[in-house]
Asks: 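If you scroll down you'll find the structure; I have some questions about it.
Chain letters run A, B, ... following the sequence lines, proteins first, then strands; residues in each count from 1. Everything numeric in this text was worked out from a predicted model, so none of it was measured.
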Number of protein chains: 2
Amino acid sequence: MSKEPKLSFKQQQLIVRENAIIDATNALLAQKGYDLMTMDEVAAEVGIAKASLYKHFPSKEALAAAAMVRLLENTIAFVRDLDTQLPAIEQLKNVLKWALDIRIKGGLPTLPNENTSLRDALLNNNRYLNRLLDLNEHMAGLIEKARTEGVIRQELPVDVVLFTIYARSCDPTLDYLRSSGQYTDEQVIDFLISTCFRGLQ
Amino acid sequence: MSKEPKLSFKQQQLIVRENAIIDATNALLAQKGYDLMTMDEVAAEVGIAKASLYKHFPSKEALAAAAMVRLLENTIAFVRDLDTQLPAIEQLKNVLKWALDIRIKGGLPTLPNENTSLRDALLNNNRYLNRLLDLNEHMAGLIEKARTEGVIRQELPVDVVLFTIYARSCDPTLDYLRSSGQYTDEQVIDFLISTCFRGLQ
DNA sequence: GTCTATACCATGATAGAC
DNA sequence: GTCTATCATGGTATAGAC
């Protein structure tokens, strides 16, 4: 595409490096959360000096935001590629299953809740907000479809269902059940999906 | 009870002061979480100097652990006082409702998940662990009773039900729905209890 | 037991050489 | 753009006077 392959190659190198940085950030965000993640750790994980990190991302907040944006983009891509032949409720379950699989592999940072200072940064990040709105729209469409198919309770508003599914992707129950050592990862995921959609009763 | 009322009075004063400290700790833990809570804030909230705080509690971890122990004791007391005439499932719902009410009032720290450094401290705290085991036994009894009454799915192990209910007490869905401003607090709590026990379908 | 003042350390961010 | 070395801030914890 570019007229100067050399420049393009350099740019490619840059992208690869920055992807590696975001990989490390993602893992550390998932493992320790935003506040406990340190820039020293990220740099060490990537194998570069901390100062070099700051040449790529101007701040810790910007770095974390970039990681969250990439995560949202991957999620949107997954949702777009869902098999539309399936009942909407099965598509929703597949989204949750996909998220839980990623989480078990150590790559899913928990939702930015009100306790963390990352939240404010993300709420001021337009790239992040745009991706989030985009994902929300896709998910809301699926939820409404599932409702017209009669498999989601009518009295539950769409946003209640949406947040409930989002929250289940970072449910601490996953960690507790896994650390009990009594179940396989697949069983734990099935429990979470089942209790989310069918409840306890 | 004591032979020396004067000493007992001093001890009472101490208890009152320490209760005030734990009150402040509880609120800050709920608001910001363990890592973002600072000893300066706790001291300022109570109205004493930071050094005085350390005369009462030897460390930040010990202080947070004391707050969590008191919370567990209050929970156990509530569970003990439940109306045993009610169906077990209604008693379980009442426990969750009670916890969510406290959380809305700003007094319920989130569960210590794997991300926080508080977790290790609590796992080494025998007072905390004993209270937790005690509560777990009470709750497990209720869950088994509800199961024999046929209102909890047989295929769900007791610990899955237990953790699922615990996790719902710190579900971020509560914050998201409240901040949307579309529902009353009571509605939000009903949504959470309903989706927990009946699910989305 | 309360205070002021401070030691000590971790961490986000930067300077400046190469 | 990478590095080493450093700064500035804020936090836990403590010393020592009263």
Side-chain angles (χ1 to χ4, degrees), chain A residues 6-25 28-29 31-68 115-122 124-125, chain B residues 6-25 28-29 31-68 115-122 124-125:
Chain A
K6 245 186 179 176
L7 197 74
S8 174
F9 177 70
K10 267 193 181 177
Q11 285 178 335
Q12 258 187 327
Q13 270 191 320
L14 189 87
I15 292 177
V16 167
R17 167 61 54 94
E18 299 204 336
N19 261 326
I21 294 174
I22 292 184
D23 284 340
T25 305
L28 284 168
L29 277 180
Q31 196 181 103
K32 326 181 68 169
Y34 177 74
D35 296 303
L36 263 61
M37 175 190 86
T38 72
M39 296 298 268
D40 294 81
E41 285 169 325
V42 177
E45 181 87 7
V46 179
I48 61 177
K50 183 166 54 170
S52 307
L53 207 53
Y54 278 90
K55 298 283 184 182
H56 291 274
F57 299 92
S59 71
K60 184 183 177 182
E61 285 184 352
L63 173 58
M68 299 301 288
N115 289 347
T116 176
S117 47
L118 177 60
R119 188 185 148 93
D120 296 337
L122 291 177
N124 290 325
N125 187 310
Chain B
K6 245 186 178 174
L7 196 74
S8 175
F9 176 69
K10 267 194 181 176
Q11 285 177 336
Q12 257 187 326
Q13 270 190 319
L14 188 87
I15 291 176
V16 168
R17 167 60 54 93
E18 299 204 336
N19 261 326
I21 295 175
I22 292 184
D23 284 339
T25 305
L28 285 168
L29 277 180
Q31 197 182 105
K32 327 180 67 170
Y34 176 75
D35 296 303
L36 263 62
M37 174 189 86
T38 71
M39 296 299 268
D40 293 79
E41 285 169 325
V42 177
E45 181 87 7
V46 179
I48 61 177
K50 185 167 50 172
S52 306
L53 206 54
Y54 278 91
K55 297 286 183 182
H56 291 274
F57 299 93
S59 71
K60 184 183 177 182
E61 285 184 352
L63 172 59
M68 299 300 289
N115 289 347
T116 176
S117 47
L118 177 60
R119 188 186 147 93
D120 295 337
L122 291 177
N124 290 326
N125 186 310

Asks: Can you name the side chain to side chain contact (heavy atoms under 4.5 Å, CB included) partners of A:A49, sequence neighbours left out?
Replies: A:S52
Asks: A:A65: what forms a side chain to side chain contact (heavy atoms under 4.5 Å, CB included) with it, not counting sequence neighbours?
Replies: A:L122, A:N125
Asks: For A:A20, which residues count as a side chain to side chain contact (heavy atoms under 4.5 Å, CB included) partner, sequence neighbours excluded?
Replies: none
Asks: If I take atom CG from residue B:L36 and atom CG from residue A:D35, how far apart are they, to the nearest 0.5 angstrom?
Replies: 4.5 Å
Asks: Tabulated below should be each protein N or O lying under 3.5 Å from an N or O of nucleotides 9-12 of chain D; please produce it.
Replies:
residue: D:dT12; atom: OP1; partner: B:M37; partner atom: O; Å: 3.4
residue: D:dT12; atom: OP1; partner: B:K60; partner atom: NZ; Å: 3.2
residue: D:dT12; atom: OP2; partner: B:M39; partner atom: N; Å: 3.0

Asks: Could you give all pairs that pass the salt bridge (charged side-chain N to carboxylate O under 4.0 Å, His left out) test and reach residues 49-63 of chain A, with sequence neighbours left out?
Replies: A:D40-A:K50
Asks: When the nearest nucleotide of DNA chain C is assigned to B:K55 and to A:K55 on a heavy-atom basis, which residue is associated with the more 5' position?
Replies: B:K55
Asks: Could you list the residues that satisfy side chain to side chain donor-acceptor pair (under 3.5 Å) with A:T38, not counting sequence neighbours?
Replies: A:E41
Asks: Can you pull the contact range of chain B along DNA chain C, 5' to 3', using atoms under 4.0 angstrom from its heavy atoms?
Replies: C:dT2 to C:dT4
Asks: Nearest nucleotide by nearest heavy atom, which residue falls closer to the 5' end of DNA chain C, B:R17 or A:E61?
Replies: B:R17
Asks: Tell me every residue that passes side chain to side chain donor-acceptor pair (under 3.5 Å) with A:E45, counting only those two or more places apart in sequence or in another chain.
Replies: none
Asks: Roughly how bent is the helix from C:dG1-D:dC18 to C:dC18-D:dG1 end to end, in steps of 10 degrees, with each end axis from five pairs?
Replies: 20°
Asks: Mind checking what makes side chain to side chain donor-acceptor pair (under 3.5 Å) contact with B:D23, not counting sequence neighbours?
Replies: B:R70
Asks: As a test of understanding, state which of B:L63, B:L28, B:L118 forms a side chain to side chain contact (heavy atoms under 4.5 Å, CB included) with B:Y34.
Replies: B:L118
Asks: Please list, chain by chain and in numerical order, all residues satisfying side chain to side chain contact (heavy atoms under 4.5 Å, CB included) with A:A67, sequence neighbours excluded.
Replies: A:I22, A:T25, A:N26, A:L29
